[in-house]
Each structure stands twice: as C-alpha cells, then as structure tokens.
Amino acid sequence: MDIPKNCSLNILPAAIPSNTIRDVVGNALYASGGTLLIRALSVIGYAITIQRLTLHDFGVVTLVLSFLAPAGAIVFFGFEQQFTSSVAAARGEQNIARLKGLTREFYIVVGALLIGFCAAAYFGRTIIARYYDVYLFQYFGVALFLAAVQIVLNGIQGFLHGYEKFKSLVRVQVTETAVRNILIILLIARLDIGMVLLIHGIAKLSGIGMGLWRALPSVVDLWRMPERPERRVLVGIIRKYGKWEIARFFFAQLLSPLQVWIVKVFVSTEGVAIFDFARRVYSFAHALFDVKGILFPLISRTIRQKRASERLVLKIKKYMLLYYAIVYVVMLAMLPVATRLLFPKYYPEITVAYLALLHLFIEGYKLGQAAFLYGLRLQKFQFAVLPVGVALQITLDISFVMILGVSGMMLSWHIQALIMGVLTDRYLATRHGVHLWDFGAMIRFDAYDERALRYLKRRFARFPIIRRLLK
C-alpha cells in the first residue's frame with residue numbers, strides 16, 4: 001500500500017529497520033536517562049513522605065493505592081497489552097484502515113467503561129469498602145479520583161507505547177514525577193494520608209496533559225489519511241484470541257494486591273511498608289535500563305521474521321544479564337549507605353531489599369517471552385497456565401511468609417517467576433521453535449554485537465572523560 005504524500009512518518013515505520021540494534025539501544029539509553037531523573041526526584045519525595053508519615057500511615061497509603069490495579073483491570077477489560085501488540089502489528093503491515101478502526105473502537109469502549117465504573121463504584125462504595133478495606137471507605141473520594149486519572153493516563157501511555165513513541169512516554173513519566181515531588185516539598189508541613197493521595201492524583205493530571213500534547217499529532221496524522229476505518233476490529237480480535245487475554249489479565253489484576261494483603265494478615269501493616277520499600281528498591285534498579293517495554297511492540301511488528309527477532313532478543317538478553325550483575329554488585333555496596341542516610345526506619349530490614357534485587361536475574365532470563373507470546377498470539381496458553389501460577393502464588397506466599405515473614409514473600413516471588421519462566425520457555429521452544437535461551441548464541445560475538453558496541457562508543461564518546469578513556 002502506498003503511503004500518502006502528506007503522511008507523517010511517525011505513523012508508519014519501515015517494515016524492518018536496518019538499524020534495529022541502534023534504535024533499541026538508543027531508545028533504551030534515552031529511557032534510562034529519563035528513569036535516572038525520575039528516580040532521583042522520587043527518592044526525595046519518597047524520603048520526605050516516609051519521614052512525615054508513620055509506618056502504619058504509609059502502609060495505609062499503599063493499601064489504598066492497591067485499589068488502582070483492579071480498577072484498571074475492569075475498565076481496560078484486560079486489553080491494554082493486546083492493544084499495544086495489535087497496533088504494532090498493524091503498523092508493521094502498514095494497514096491504515098485497521099489502525100483507525102482498532103484505535104477508535106478501543107477508546108470508545110474504554111471511555112464508556114470508565115464512566116460506568118465511576119458511577120458503580122460511587123453508589124456501591126459501602127459494599128466495596130466492606131469487602132476491600134475500611135481505609136478505602138474513609139478515603140473513597142480520593143481513591144476514586146486517583147483510579148479515574150490513572151486509567152486516563154494509562155490509556156494515553158498505551159497509545160504512545162503502541163506507536164513506539166518511547167521518548168514521549170519518558171516525558172510523560174518525568175512530568176508526573178516532577179509535579180508529584182514538587183508538591184510534596186511545597187506541602188511538607190501538611191502531609192498526611194489524604195494529602196499524599198491527593199498529590200498523587202494531581203501529579204497524574206499533569207501527566208495526562210503532557211501525554212495529550214505528545215499524542216495528538218499522531219492522532220491527527222492518522223485521521224488525515226484517506227482510508228476508511230475498518231469496522232468491528234476489536235470484536236474480531238476478541239473472538240479469535242483476545243478473549244483469553246481478557247480473562248487472564250482480569251483475574252491476574254484482581255489478584256495483584258494479594259501479596260500486600262498476605263503480608264498484612266500474617267505479618268502487620270508495618271510489614272506492608274517494608275515490603276513496599278523492598279519492591280521500590282528493586283523497581284529502581286530494574287528501571288535504570290529497561291528494554292522490555294521497547295522490545296514488546298518491536299517484536300509484535302516484526303514477528304514474521306521470527307529468526308531475526310529471536311536472535312535480537314538473545315543478544316539483548318546477554319547484555320542485560322551482564323548489566324544486572326553489575327547493578328547488583330553496585331547496589332549491594334551503595335544500599336546500606338543510602339538507606340541509613342535517607343530511610344533510617346528501614347535500615348534494620350535491609351536484607352529484604354537485598355533479596356528483592358535477586359529478581360533482576362530472573363527478569364533477565366524471562367526477557368522477550370511476553371513479547372513473543374503476544375506477537376505469536378498465544379494468549380490461550382497464557383490463560384491455560386494461569387491456574388498453575390495462582391496455585392503457586394497462594395501456596396508459596398502463605399507458606400514462606402508464615403515461616404520467614406516479609407523475606408519469605410521475596411523468596412516466594414522469585415520461585416514463582418522462575419518456575420513460570422521455565423514453563424513458558426519450554427513451551428515456546430517445543431511448540432513454536434522459538435529458542436530464547438541459547439547459551440552458545442549468547443556468548444558468540446557477531447555483527448549484532450559489533451554494531452551495538454560501535455553505536456554505544458559513538459554515543460558516549462561525546463563526553464570528554466569517556467573519550468579520553470576510549471583512547
């Protein structure tokens with residue numbers, strides 16, 4: 001299909017970019033720079049918040065925020081990742097009609113569900129609070145506002161992700177984080193549970209504003225194209241394979257607060273705050289150079305060239321595992337000093353954070369699995385193994401927490417992820433010929449490695465100190 005002359009190139013990519021490695025590394029470097037800024041700002045706000053709130057109050061904030069996950073599952077009906085994958089696939093096929101139809105239908109449905117959810121939650125708030133938590137009833141207005149703005153923000157980010165606007169995604173996240181932490185600093189004397197939750201909501205509104213500004217040009221370019229939107233795209237996807245994703249994601253998100261509540265029941269509300277601290281430490285380390293979000297739409301767009309995509313994942317996995325090893329050693333050295341200085345309340349429990357960081361290596365092993373499952377439209381397999389994952393989670397979480405407390409929850413998390421990762425890896429290899437763990441291919445140095453290292457050298461050579469080292 002010919003691309004119209006007035007079409008902006010931000011809608012349709014080349015079928016397979018010849019500089020794929022450069023694009024992946026370049027986007028990952030940009031995202032890492034944004035992540036460093038986000039984390040630096042977040043550390044300030046997080047340190048102020050936990051110093052102003054007691055462990056109990058901060059645990060309450062965490063429990064109320066955990067309401068956002070099931071709210072998102074209901075409104076997006078488990079279709080967020082499938083939408084991203086389907087948009088990327090349509091872009092790879094340069095199917096404008098399908099792009100228009102899918103985008104229009106998805107956001108009409110999401111908008112209607114958001115309105116219905118807010119109305120149902122408001123009139124049923126007493127029942128929700130009774131079965132969810134008493135704190136949710138006390139802060140229900142703020143929690144509902146938070147859920148609504150988070151859902152809108154997720155919808156905008158989903159659009160940017162599907163269209164591979166990674167730099168715009170970073171700008172949205174930086175805006176939200178900056179506004180949140182500026183408000184925390186300005187309102188430090190008035191911080192309590194309700195104020196912290198309200199600040200989160202206002203920050204998300206700022207992210208929505210930035211997201212709309214970055215997304216609207218692509219929306220306008222898309223709708224200027226002469227092709228008429230394809231009809232009933234969403235229904236067709238749901239009937240073929242999307243129904244499995246909807247069912248899986250819905251139950252997975254409803255169960256997402258389970259770990260928090262198991263810690264609350266079997267340990268304490270203070271234990272929830274410690275668990276949240278350890279997961280934040282892991283999230284900080286993991287997000288410093290996260291290529292998973294970049295790979296996801298890329299693999300969906302290039303899935304027809306399965307061998308090239310497989311090789312790309314293996315090469316990236318090799319360097320990510322090496323990078324995670326370096327990060328783990330650095331974090332072991334720096335975490336005690338940083339925790340004692342910024343988060344003294346959590347220093348006695350620093351072992352929990354060390355355990356959480358081990359998950360970096362499991363994520364490195366699993367890298368690329370989700371991208372191939374969506375690209376190959378294997379949602380039925382993901383749904384089929386869901387009962388195994390749920391049974392593992394409930395059994396291991398409760399058993400390990402009862403024996404080892406919050407540390408046991410971390411060990412349970414690792415074991416579950418590793419078992420499910422091995423199961424997925426074997427399924428892809430035996431049923432679909434996709435080998436995402438090939439030690440020989442990972443250690444081999446070839447043109448992919450040479451191209452990536454040459455690009456990194458060129459990017460970092462712009463810094464005088466590094467240029468002198470390279471000489």
Side-chain angles (χ1 to χ4, degrees), residues 31-32 34-69 146 150 173-174 176-178 180-181 184-185 191 193 196-197 199-200 203-204 256-264 267-290 292-293 324 327-328 330-363 405-414 417:
S32 297
T35 300
L36 284 173
L37 179 58
I38 290 170
R39 298 305 176 185
L41 293 171
S42 297
V43 165
I44 298 171
Y46 184 60
I48 293 173
T49 302
I50 65 173
Q51 286 174 8
R52 298 292 299 180
L53 301 183
T54 65
L55 281 177
H56 178 272
D57 285 353
F58 192 80
V60 172
V61 170
T62 303
L63 291 169
V64 173
L65 291 177
S66 69
F67 172 69
L68 303 186
L146 265 176
Q150 182 65 63
Q173 293 160 1
V174 168
E176 180 193 349
T177 304
R180 181 173 65 247
N181 289 283
I184 287 174
I185 293 171
L191 288 183
I193 296 173
V196 170
L197 293 173
I199 287 173
H200 275 75
K204 292 180 191 302
S256 63
L258 184 61
Q259 289 181 316
V260 172
W261 290 100
I262 288 176
V263 173
K264 181 179 184 294
V267 184
S268 63
T269 302
E270 289 76 10
V272 172
I274 295 168
F275 173 75
D276 178 75
F277 170 74
R279 291 292 292 263
R280 284 175 182 266
V281 170
Y282 162 75
S283 177
F284 173 83
H286 180 259
L288 289 177
F289 197 81
D290 184 18
K292 184 165 63 174
Y324 286 150
V327 168
Y328 190 80
V330 172
M331 291 294 288
L332 285 180
M334 295 182 61
L335 193 57
V337 178
T339 305
R340 190 188 294 271
L341 179 65
L342 299 172
F343 317 113
K345 295 178 184 178
Y346 295 92
Y347 185 76
E349 304 295 337
I350 197 171
T351 304
V352 181
Y354 290 152
L355 289 173
L357 287 170
L358 289 172
H359 208 76
L360 290 171
F361 301 104
I362 298 174
E363 281 298 304
V406 182
S407 296
M409 180 62 77
M410 293 301 162
L411 292 175
S412 173
W413 178 38
H414 302 333

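All of these numbers come straight from a predicted model, not from anything done at the bench.
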Is there a donor-acceptor contact under 3.5 Å from the side chain of Thr177 to the main chain of Gln173?
-> yes
dist Arg180:CZ -> Lys204:NZ (nearest 0.5 Å) comes out at 6.5 Å
Asp57 side, atom CG; Glu270 side, atom CD - distance, nearest 0.5 Å = 10.0 Å
Checking Asn181 side chain against Gly45 main chain: does a donor-acceptor pair fall under 3.5 Å?
-> yes
Would you sort out whether Val272 and Val406 count as a side chain to side chain contact (heavy atoms under 4.5 Å, CB included), showing the intermediate values?
-> CA-CA 8 Å; Val272 172; Val406 182; over 6 Å; no
Distance, nearest 0.5 Å, that separates CD1 of Ile350 from CZ of Arg340 | 8.5 Å
When the aromatic ring centroids of Tyr346 and Phe277 are compared, is their separation below 6.0 Å?
-> yes
Ring center gap for Tyr282 and Trp413 short of 6.0 angstrom = yes
CE-CG distance between Met331 and Leu360, expressed to the nearest 0.5 angstrom = 8.5 Å
Heavy-atom closest contact (Ala273 atom, Phe58 atom, distance) | CB-CD2, 4.2 Å
Reported NE2-to-CG distance for the pair His414 and Leu355, which is rounded to 0.5 angstrom | 6.0 Å
Return yes if some donor-acceptor pair links the side-chain N/O of Thr339 with the main-chain N/O of Leu335 below 3.5 Å, else return no.
-> yes
What is the distance from atom CZ of Arg280 to atom CZ of Phe343, rounded to the nearest 0.5 Å?
-> 9.0 Å
Where Ala356 and Ala278 come nearest, the two heavy atoms and their spacing = CB-O, 3.5 Å
Does the side chain to side chain contact (heavy atoms under 4.5 Å, CB included) test come out yes or no for Met410 and Tyr354, once each step is laid out?
-> CA-CA 10 Å; Met410 293 301 162; Tyr354 290 152; over 6 Å; no
Should Met409 and Val267 be marked as a side chain to side chain contact (heavy atoms under 4.5 Å, CB included) after you check the CA-CA gap, both sets of side-chain angles, and the distance that decides it?
-> CA-CA 11 Å; Met409 180 62 77; Val267 184; over 6 Å; no
